[in-house]
Amino acid sequence: LFTAAAALGYAPSRAFRRGAQADAFKQLQRAAGCFAAAHDMVRPAIWGLDPRWEPASLSPDLGLEMLSALRDLMLAQAQHAFHQKAVDEGTSPSVRAKLAEQAAL
């Protein structure tokens, strides 16, 4: 899942270059979903009644904090892509301001 998320997170850079912000938006959302799924798989394996792994045994990129941060980063990038699409389509400044405000959260 981590590798799939990384690939989906990289692919939008090509989509941006060819002006396909909608594709970039979808790929970034999918990457965020993969990171969220990885988080949901790792969490019970290190917590709970019968943990299978010691948290210290995980590589830093599979830590719960890192997976959450990467998920949030992909969602922020998706919001940026959506805002950029609105800018490219010439939407009104008030709509763009609302999108930018949501992206800032």
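In what follows, residues are counted from 1 in the order of the sequence shown. The structure presented is a predicted model; accordingly, all values stated were derived computationally and were not measured. Hydrogens, waters and symmetry mates are skipped; everything else that's a heavy atom, side chains included, is used.
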Considering all heavy atoms of both residues, which atom of [X] and which atom of [Y] are nearest to each other, and what is their separation?
X	Y	value
A5	A31	O-CB, 3.5 Å
L64	I46	CD1-CD1, 3.7 Å
A100	H83	N-CD2, 3.8 Å

To the nearest 0.5 Å, how far apart are [atom1] in [X] and [atom2] in [Y]?
X	Y	atom1	atom2	answer
M66	F2	CE	CZ	7.5 Å
R71	Q29	CZ	CD	13.5 Å
T91	K98	OG1	NZ	11.5 Å

| field | Side chains of D72 and F35 in contact at under 4.5 Å (non-hydrogen atoms) | value |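 Counting from C-beta outward, D72 and F35 never come under 4.5 Å.
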| L62 with M74, same ILVMFWY side-chain cluster at under 4.5 Å |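 Linked, L62 and M74 end up in one cluster.
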| said: Would you say L73 ends up clustered with L28 if hydrophobic residues are merged whenever their side chains have heavy atoms under 4.5 Å apart, either directly or through other cluster members? | reply: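 Yes, same cluster.
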| said: Between D88 and K85, does the side chain to side chain contact (heavy atoms under 4.5 Å, CB included) criterion hold? Intermediate values first, please. | reply: CA-CA 5 Å; D88 292 347; K85 182 177 182 285; 5.7 Å; no
| message | Could you check whether any side-chain N or O of R96 sits under 3.5 Å from a backbone N or O of A86, counting only pairs where one atom can act as donor and the other as acceptor? | response |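 No; judged by distance alone, with no hydrogens or angles, the pair does not exist.
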| In the hydrophobic cluster built from side-chain contacts under 4.5 Å, what are the other members alongside F25? |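 Noted: F25 shares its cluster with F82, V95, L99.
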